2 protein chains.
Amino acid sequence: MSSLASLKPLEDTTIRGRTVDQLRRLVVTGELAAGMRLTETELACALGISRGPLREAIRELVDIGLLVSKPYKGLFVREITRKDLEEIYSLRTMLEKFAFQEAWDKRTPEALEDLNSRNERLITTIGTGSDPFGPIEAELHLHSWCYELSGHSLLLQSWNRLKPNLQFYFAMHQQAHARQGPERKSHDLYIRLASGTDLEAMLDHLNDHMRQGLETTIGFINTA
Amino acid sequence: MSSLASLKPLEDTTIRGRTVDQLRRLVVTGELAAGMRLTETELACALGISRGPLREAIRELVDIGLLVSKPYKGLFVREITRKDLEEIYSLRTMLEKFAFQEAWDKRTPEALEDLNSRNERLITTIGTGSDPFGPIEAELHLHSWCYELSGHSLLLQSWNRLKPNLQFYFAMHQQAHARQGPERKSHDLYIRLASGTDLEAMLDHLNDHMRQGLETTIGFINTA
DNA sequence: GATTGTCGGATTGTCAACAATTCGGCTTTG
DNA sequence: CAAAGCCGAATTGTTGACAATCCGACAATC
């Protein structure tokens with residue numbers, strides 16, 4: 001049983017699946033600069049695939065919001081305005097509060113252990129400065145906890161759609177400020193309240209947590 | 001200016017766009033029965049198009065949740081379980097409450113007039129029994145008001161993703177019960193509170209409104 | 001001088017054929 | 001008789017070529 005739990009889902013073998021992953025990575029890491037223009041033919045050539053599966057992959061990223069398609073003009077990497085960011089954060093706040101409400105009574109000891117291990121991983125990852133995007137992923141993985149625990153598949157799906165946009169913005173912000181991502185202490189209270197008995201306090205904290213995240217990162221957006 | 005405002009966006013000219021529309025219509029009206037098996041080749045043949053654009057259209061509907069794709073086995077029209085329905089309603093309740101919070105201070109006289117006209121249209125549509133799906137669309141159009149008014153594009157997008165699932169279920173339920181869709185009076189209080197000054201009362205009513213909608217329709221689902 | 005018409009280049013949209021993968025049942029084997 | 005291996009049909013995945021569309025700039029016209 002324990003050996004089965006350590007099994008990781010085998011990597012997507014279809015070209016479309018791999019292309020989605022790769023394009024998403026390229027976008028959220030900023031390797032494809034925001035606003036950059038792409039064309040299907042170029043991309044297909046660069047990736048060494050044909051346009052069929054590429055188009056399907058592109059359409060998925062467009063749907064998520066990472067790419068913007070301007071018909072007959074080209075494909076563009078999304079740019080984030082202040083309004084976009086505010087929308088992302090306000091929707092996220094609401095989703096996460098809902099997730100905690102749904103997950104609250106499902107917090108078994110195992111689940112709380114899982115939460116702690118995610119936090120540990122975040123702390124560890126912040127320590128090692130090798131992969132600059134590791135901490136971002138670790139933080140989002142920590143926050144995914146409540147969504148997964150909620151057992152609400154539609155909610156989890158919404159979160160998974162929102163996540164890449166956050167990832168994208170985090171990386172963009174990190175790059176612009178040359179900073180090392182999330183702080184070590186910023187999630188201590190989050191974990192403590194999430195493990196505690198006061199749901200209302202947790203929900204209140206989420207408002208603060210999110211607002212703080214928004215405010216500390218909103219500075220350098222040009223209010224286009 | 002007034003003549004320009006009456007212009008409607010010209011219908012999607014791409015095969016993919018039209019296919020998405022048509023497939024969605026077929027699914028939400030129940031013309032393609034829930035659980036029904038489809039194959040790309042069959043569909044492409046029946047629609048008179050090739051598999052390229054069809055695949056892209058399919059993928060969009062799969063993403064929304066109207067179709068489920070079982071690789072190498074076929075494509076299936078989604079089936080709705082009791083849990084699905086509860087998830088749809090709980091998420092919708094949360095989204096709509098949020099929408100009203102965001103839209104509350106934006107309720108201009110014009111906006112309220114718009115709301116009333118949507119309600120009028122719903123009442124009218126219920127009267128004429130020609131198109132059995134008219135009332136469903138009219139009701140969803142009424143509920144779209146708060147999302148559109150909120151100015152929150154991400155929120156509106158979430159609603160637009162959820163909507164077809166509701167539509168699908170409404171039609172399914174209506175067909176099973178041979179009923180004429182929404183009641184005339186069921187939205188009176190909704191409109192009155194939405195036009196009023198007590199946001200809290202509106203939010204409370206949304207809880208009731210949704211729970212009622214869920215309870216009156218949950219009966220015939222086989223709890224698979 | 002501003003509006004309308006036209007043309008070339010670029011991009012996306014579409015198609016039909018081909019390749020790869022999977023599943024279910026049958027056979028084989030111990 | 002149970003379990004593993006194998007085979008063929010069905011389905012999706014992929015490709016490269018072709019067609020339709022759109023944009024921007026330049027020319028023509030009023």
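All figures in this text were calculated on a predicted structure; none of them were measured in a lab.
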Under 4.0 angstrom, heavy atoms only, what part of the nucleic acid is [X] near: base, sugar-phosphate, or nothing?
| X | value |
| --- | --- |
| P53(B) | sugar-phosphate |
| R16(A) | sugar-phosphate |
| T41(B) | base |

R51(B) side chain, from C-beta outward: closest of dT15(D), dG13(C), dG13(D): dG13(D)
Out of dG13(C), dT14(D), dC15(C), whichever nucleotide has its closest atom nearest the side chain of I15(A): dT14(D)
Starting at [atom1] of [X] and ending at [atom2] of [N], how long is that distance when rounded to a whole Å?
| X | N | atom1 | atom2 | result |
| --- | --- | --- | --- | --- |
| E40(B) | dT14(D) | CD | C1' | 12 Å |
| E42(A) | dT11(C) | CD | P | 7 Å |
| L75(B) | dG13(D) | CG | C1' | 15 Å |
| F76(A) | dT11(C) | CZ | P | 10 Å |
| E56(B) | dT14(D) | CD | C1' | 13 Å |
| L67(B) | dT12(D) | CG | C1' | 15 Å |
| R18(B) | dT21(D) | CZ | P | 10 Å |
| L54(A) | dT11(C) | CG | P | 14 Å |

Counter-base of dC7(C), judged by Watson-Crick or G-U geometry with both distances under 3.5 Å: dG24(D)
When you measure from the side-chain N and O atoms of [X] to the phosphate of [N], is any distance below 4.0 Å, counting only OP1 and OP2?
| X | N | value |
| --- | --- | --- |
| R55(A) | dG13(C) | yes |
| K73(A) | dG24(D) | yes |
| R37(A) | dT11(C) | yes |

4.5 Å side-chain heavy-atom contact, Q157(B) and R161(A): yes
Minimum side-chain heavy-atom gap Y147(A)-L95(A) below 4.5 Å: yes
Heavy-atom neighbours of E137(B) CD exceed 12 at 6.0 Å: no
Audit row: Q101(B), M94(A), side-chain contact (heavy atoms from CB on, under 4.5 Å) steps and yes/no: CA-CA 12 Å; Q101(B) 292 179 52; M94(A) 184 186 52; over 6 Å; no
Presence of salt bridge, R78(B) and D84(B), under 4.0 angstrom: yes
